[in-house]
There are 2 protein chains.
Amino acid sequence: MNDDKPNSWQAVQQDIRRRITQREWAPGELIPHEADLAQEFGCARSTMNRALRGLADDGLLERKRKAGTRVALNPVRQVRVEIPVIREEIESKGNAFHYLLLRKELHVPPPDICARLQSDPNQPHLHIETLYTANQRPYVYEDRWINLNAVPQASDEAFDTLSPNEWLVRQVPFESGDFTFSAISATARIAEVLSCEPGQGLFVLDRTTRSKDHVLTTVRLTFHAGYQLRTEI
Amino acid sequence: MNDDKPNSWQAVQQDIRRRITQREWAPGELIPHEADLAQEFGCARSTMNRALRGLADDGLLERKRKAGTRVALNPVRQVRVEIPVIREEIESKGNAFHYLLLRKELHVPPPDICARLQSDPNQPHLHIETLYTANQRPYVYEDRWINLNAVPQASDEAFDTLSPNEWLVRQVPFESGDFTFSAISATARIAEVLSCEPGQGLFVLDRTTRSKDHVLTTVRLTFHAGYQLRTEI
DNA sequence: AAGTGGTCTAGACCACTCC
DNA sequence: GAGTGGTCTAGACCACTTA
């Protein structure tokens with residue numbers, strides 16, 4: 001590491017961070033310009049810039065040209081969350097990973113899914129339901145729709161050796177997407193699939209993936225009871 | 001913006017990103033070194049470095065000294081999630097924000113909370129329960145413990161003009177923390193507070209905050225039914 | 001109009017890691 | 001030992017924003 005080197009951007013950043021967290025600079029306060037700070041720390045302005053830019057990315061500082069740099073009033077507005085790759089998440093805990101194809105059908109999606117796929121309301125698409133298990137115990141239930149306008153080759157795929165997710169990642173480049181975290185009460189169907197009580201509160205991750213012109217797929221992952229998504233800052 | 005400038009790191013990054021998403025470079029493939037790419041793009045190595053470093057931060061590339069840079073096998077492993085600042089989240093939707101102090105007591109925490117606070121199992125701490133409302137409707141229920149070893153002045157605070165969270169942010173510098181997202185089934189108590197059915201699945205955010213030496217506070221936010229946390233990539 | 005952050009460059013040295 | 005990314009520097013110009 002370079003933390004000991006007094007002029008590394010990490011060392012500089014750490015000291016600036018300390019000044020912020022220890023209230024040496026109060027929230028909302030204007031701090032010295034890059035150039036002055038660089039001189040004070042005896043480093044190049046680019047080094048100071050990198051340190052400050054990082055803190056701004058983390059939400060600790062707010063920077064504006066001409067206006068200068070201020071300590072953010074409300075720190076820590078964002079965290080990075082690792083999106084689990086199911087297979088790895090299960091195997092990294094030393095558990096056996098399997099998946100079970102519960103359904104693979106072509107039919108017309110309900111209206112909400114049609115809207116998400118940005119598709120003609122009468123056009124059929126591929127509907128796939130999968131259960132992923134850890135040591136034979138239900139881990140997460142996946143309810144996926146694949147847009148056949150965007151991924152026509154999906155209808156010929158058996159998904160017997162590769163899970164839908166792994167197959168899609170290899171098949172189709174994607175560019176953007178959105179994620180939604182929420183909670184639901186287990187329906188009778190989901191309770192059966194995940195071996196829990198009906199009504200049980202379950203953690204849910206909805207993901208919609210797009211390429212340049214199309215929505216590729218939309219998927220809802222419903223996790224087993226007690227599942228947690230952790231992160232640190 | 002500088003996106004049009006052909007030598008801006010953004011422009012370079014965008015083109016590299018395109019090569020990755022469009023499979024011009026396959027997942028797992030070794031890509032040219034910084035120096036070569038810089039020459040190809042006609043930019044300085046530092047510019048290329050910044051572009052590639054950003055893509056590595058996003059999880060699209062994996063870089064190792066001497067080994068070189070590879071396209072990540074499984075892209076998009078992490079997303080940035082905005083941690084809601086309750087007051088702002090409510091007011092930004094044009095709703096009236098209020099909070100209601102349901103409880104403020106000093107007593108010995110249950111064992112799991114003691115563990116989180118890293119505290120003596122017999123020592124009392126400050127327990128605060130708050131309900132935040134949007135247009136008088138329950139929005140989120142906050143169940144908080146404050147470590148009195150770390151924040152002794154909390155016991156004198158009435159929390160009548162400032163919510164516990166806003167007060168703490170102003171009082172105490174903190175350095176790190178962890179976040180956990182999960183789901184629960186509403187207990188009778190929570191159902192009453194949040195005006196929902198017992199057993200209803202609810203989205204939960206647990207947060208523990210530390211300064212250098214102490215755990216400052218641990219809090220569980222239980223959101224109203226139907227709450228979603230969204231993010232995009 | 002002027003101040004401040006944002007970025008680019010060219011060159012240098014260093015640190016890590018693979019062979 | 002050697003190759004590759006990581007970083008620092010000094011200087012320059014630019015873009016955005018406020019006054």
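All chains are named by letter (A, B, ...) in the order of the sequence lines, taking the proteins before the strands, and each is independently numbered beginning at 1.
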Could you state the CG-P distance from B:D57 to D:dG5, rounded to the nearest angstrom?
15 Å

Distance, rounded to the nearest Å, where A:E34 contributes CD and D:dC14 contributes C1':
14 Å

Are any of B:T47's side-chain N or O atoms less than 4.0 Å away from OP1 or OP2 of C:dT9?
yes

Among D:dT9, C:dC8, C:dA10, the one nearest any side-chain atom of B:W9 is C:dC8

Closest nucleotide among C:dG5, D:dT9, D:dT4 to the A:R65 side chain
C:dG5

What's the CG-P distance between A:L30 and D:dA19, to the nearest Å?
11 Å

Looking for any heavy atom pair under 4.0 Å, which part of the strands does A:R45 touch: base, sugar-phosphate only, or nothing?
base

Given D:dC8, C:dT4, C:dA10, identify the nucleotide with an atom nearest to the side chain of A:N7.
D:dC8

Do A:T133 and A:Q136 pair up side chain to side chain, a donor and an acceptor below 3.5 Å, judged on atom types alone?
no

Does any N or O in the side chain of B:N147 come within less than 3.5 Å of the main-chain N or O of B:N149, such that one atom is a donor and the other an acceptor?
yes

How long is the line joining CZ of B:R70 and C1' of D:dG5, in whole Å?
14 Å

Distance check needed: D:dT4 P versus B:Q39 CD, whole Å only.
14 Å

Phosphate contact (D:dG5 OP1 or OP2) by B:T69 side-chain N/O below 4.0 Å:
yes

Would you check if the side chain of A:Q14 reaches a backbone N or O of A:A11 as a donor-acceptor pair within less than 3.5 Å?
no

Taking B:N95 for the side chain and B:N135 for the main chain, is one N or O donor matched with an acceptor at less than 3.5 Å?
no

Do any side-chain nitrogens or oxygens of B:Q10 fall under 4.0 Å of OP1 or OP2 in C:dG6?
no

Donor-acceptor pair between B:N49 and B:R45 side chains, under 3.5 angstrom
no

For A:D36 and C:dG3, what is the distance between atoms CG and P respectively, to the nearest whole Å?
13 Å

Please give, in whole Å, the distance from C:dG5 C1' to A:L61 CG?
12 Å

The salt bridge (charged side-chain N to carboxylate O under 4.0 Å, His left out) partners of B:E91 (sequence neighbours excluded) come to B:R87

Between D:dG5 and B:R53, is there an OP1 or OP2 to side-chain N/O distance shorter than 4.0 Å?
no

Could you check which of C:dC18, C:dG5, D:dC8 has an atom nearest any side-chain atom of A:R63?
C:dG5

Between B:K64 and C:dC16, does any side-chain N or O lie under 4.0 Å from OP1 or OP2?
no

Check the distance between C:dG5's C1' and A:L37's CG and give it to me in whole angstrom.
12 Å

Which comes earlier along DNA chain D counting from the 5' end, the contact point of B:H33 or that of A:A44, where each point is its nearest nucleotide?
B:H33

Among the nucleotides D:dC16, D:dT9, C:dT7, which one has an atom lying closest to any side-chain atom of A:K66?
D:dC16

Looking at A:N49, does any N or O in its side chain come under 4.0 Å of the phosphate oxygens OP1/OP2 on C:dG6?
yes

